[in-house]
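Worksheet: the structure to be examined is printed underneath.
Each chain gets a letter, A, B and so on, in the order its sequence line appears, and its residues count up from 1.
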2 protein chains.
Amino acid sequence: MTVTLREVAAAAGVSIKTVSNVINGYAHISARTREAVEKAVADLGYQPNLSARGLRSGRTGAIGLVIPDLKNPYFAELAGSVMRAASQHGLAVFVEQTGGDRAQELAVLASPRMRMADGILFSVTGLDQADAATVAFPVTTVLLGERIFGAGADHVTMKNVEAARAATEHLIELGRSRIVALGARPHEVSGSAGLRLRGYREALEAAGIPFRDELVVDATPWHRADGARAVRELLAAGTGFDAVFAFNDTLAFGAMRALGDAGLGVPRDVAIIGFDDVDEARYSMPALTSIDPGRDEIAETAVRLLAARIGGDSTEPFVLHEAAFRIVTRESTGG
Amino acid sequence: MTVTLREVAAAAGVSIKTVSNVINGYAHISARTREAVEKAVADLGYQPNLSARGLRSGRTGAIGLVIPDLKNPYFAELAGSVMRAASQHGLAVFVEQTGGDRAQELAVLASPRMRMADGILFSVTGLDQADAATVAFPVTTVLLGERIFGAGADHVTMKNVEAARAATEHLIELGRSRIVALGARPHEVSGSAGLRLRGYREALEAAGIPFRDELVVDATPWHRADGARAVRELLAAGTGFDAVFAFNDTLAFGAMRALGDAGLGVPRDVAIIGFDDVDEARYSMPALTSIDPGRDEIAETAVRLLAARIGGDSTEPFVLHEAAFRIVTRESTGG
DNA sequence: GCGGGCGATTGCAACGTTGTAGACTCCCGA
DNA sequence: TCGGGAGTCTACAACGTTGCAATCGCCCGC
């Protein structure tokens, strides 16, 4: 039923290997032979068996994308960007969700399914720096995110500290001084939360604004409900604030929801800036000012690096690429 | 470097085939042998070569998911559900985006990458019923969506007509009678838009409310911006309405945005119901009443049907499964 | 005691492809 | 005329796995 090289070869009157050569673009083939083979391929509808090719060549033509959750719009949009970039390189992408859980991340790395990929893009959210030395990547890996550094892999990330500082400065420039850092994690130093909090502190210090513990609030795991809940608790506790720097957009949407419920106006009473610039930020009410962390640049760079490693540059030193960010100003900060 | 059956066999002091048997759960193995093999597997960290297995067995252990766009939250959430369901069956999922474009859908089906899958879940949005007879699926296929019927494949879809009718009735029960059908497509009969419009008409007729052309508005391709634009145009044209049945949630969010800009209250002036019940519906302001079309049921059923076909039930007649829906009432209809 | 059957294990071949090495032809320059 | 190189094509083996059929030993029932 399925057509193999053998049958194409028979139809074209050449050897199997010649058909293989034509298909793989080998240079020294006469025009006559090439035409005959191409005709036979077209007539029979031949398509290569990728398992056989993979077995022989050691390459599958697929890469894995390991992310926490597609329900999270940031990762869904990142996945879309990765797929577009991968298809430019002729690579298929298969996706594994980890739920952002350390145990599941390790399980996915150890899973035999990963062997279906020539390499993986691994967006770390469960492992942390302590794992960097011990974690074993089953195949060539490019790391995404801010949880692990120096783990012996190329790494693409965003300018978290600089972007967070710029976001906070943006709020300060509006004249706000009681700025909530929404989504901080008290004991995290590296990781998105730690880095963004650092940028926040830097901006406050530079502006001479006192850092207040009660304005730094945890809202794990950064879902809408967490943002809403945290803001409700702040309001209930009577903590005064006039701006929110949400560590991602989803938290920001939740925060806006809670503020709206409380009858507070955005940006009149509270200005809000998010982080990620997901599609929804353009259409929320009010439209959300956010940090565009350079998602397409991240995806394209990561795929390019991975494809290069797979292609054989195994001796190149590991690269750490930080994508450029920009502030996208919208209504939630009075833009 | 990579460990093969040969080395495990040597370490365990048995034949290659015995190792293979242990790994594949063959029944008649002595406890002693099984333990020895399992120890060798663990010691050496053996993992099967999936290309070789695929070549030999004709199965890759992966399925393809063909969808328009991960940026669309409905499809992102569907993809997440599909992956959870697939991993229950031990299947990897790779995703292809088509942009909802007919030419790209055909291109993806013809792509050699599809041969990496034992089967595909194909969410059709570009092809239409006229293609049903001619389209050739490269591998076992389960269709999703409402564009094509009777194309010689299992098919999982939702109760569009019934759900749309229920949505419209819900608005009517609130006392609304000038209900916009947002996202209709004038010349579509089957397809989501056609079916949902039919349910809308049925509900109006049953309630004795006249059908008005000016309340049926196109908003292709159902993005937030399209919903916002369509509502702005309605308002600008002075068309009076007191409710909106948006054919998906994204349109509904856009519509709410435009209404808010115009100073109209939801649900006070205009009640809104959406369709899809994406995560965001719970957190929009106001929270959006929506139709939950049974996404998990769709994903689980589709994966189960596909896995069964792959497993060999090639003679079973094709199934058309319609998932159950329910209305999730929230603030946008005064819940 | 013997044949039959079953449990446990194995060798062989094959899946479809590509890397390696080599065969063959033709043409050019010495 | 002949050697050598470039161009074209091919045979063979191998990638790591599993299906098939066979082998071997043991126990059971007659």
Exercise for review: Under the side chain to side chain contact (heavy atoms under 4.5 Å, CB included) rule, what do B:Arg309 and B:Leu305 come out as? Steps first, then yes or no, please.
Suggested key: CA-CA 6 Å; B:Arg309 288 279 172 207; B:Leu305 288 172; 5.6 Å; no
Exercise for review: Let me see the working for B:Thr2 and B:Gln47 under side-chain hydrogen bond (donor to acceptor under 3.5 Å, both in side chains), right down to the final yes or no.
Suggested key: CA-CA 8 Å; B:Thr2 62; B:Gln47 290 200 311; over 6 Å; no
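Ring-plane geometry between B:Phe137 and B:Phe122 is classed as perpendicular, the angle between the planes exceeding 60 degrees on a 0 to 90 degree scale with a lower cut at 30.
Between B:Ile16 and B:Val19 there is no side-chain heavy-atom pair separated by less than 4.5 Å. Between A:Val37 and A:Asn21, the closest side-chain pair of non-hydrogen atoms is not below 4.5 Å. Two residues are said to be in side-chain contact when any heavy atoms from C-beta on lie closer than 4.5 Å; A:Ile23 and A:Leu5 meet this criterion. Looking only at side-chain heavy atoms (C-beta outward), B:Val95 and B:Met83 come within less than 4.5 Å of each other.
Annotation: the terminal axes of the helix from C:dG1-D:dC30 to C:dA30-D:dT1 meet at 50°, where each axis is the rotation carrying the C1' atoms of four end pairs onto the next four (5 pairs per end, rounded to 10°).
Residues forming a side-chain contact (heavy atoms from CB on, under 4.5 Å) with A:Glu297 (at least two apart in sequence, or on another chain): A:Thr301, A:His321, A:Ala323, A:Ala324. Taking A:Tyr26 as the reference, A:His28 meet the ring pair (Phe, Tyr, Trp, His ring centres under 6.0 Å) condition, with sequence neighbours excluded.
A distance of 10.5 Å separates CH2 in A:Trp222 from OG1 in A:Thr125, rounded to the nearest 0.5 Å. Distance check: B:Ile298 CD1 to B:Met158 CE gives 4.0 Å after rounding to the nearest 0.5 Å. To the nearest 0.5 Å, atom CZ of residue B:Arg115 and atom CD1 of residue B:Ile120 are 12.5 Å apart.
Bracketed by its first and final contacts, the part of DNA chain C lying under 4.0 Å from non-hydrogen atoms of chain B reaches from C:dG7 to C:dG16 in 5' to 3' order.
A heavy atom lying under 4.0 Å from DNA chain D marks the following residues of residues 17-40 of chain B, by number: B:Lys17, B:Ser20, B:Asn24. A heavy-atom distance below 4.0 Å to DNA chain C is reached by none of the residues of residues 45-52 of chain B.
D:dT17 atom C1' lies 14 Å from atom CD of B:Glu7, rounded to whole Å.
A donor-acceptor pair shorter than 3.5 Å cannot be found between the side chains of A:Glu300 and A:Ser81.
Interface remark: the B:Arg56 side chain does not form any donor-acceptor pair with the D:dT17 base, using a distance-only criterion of under 3.5 Å.
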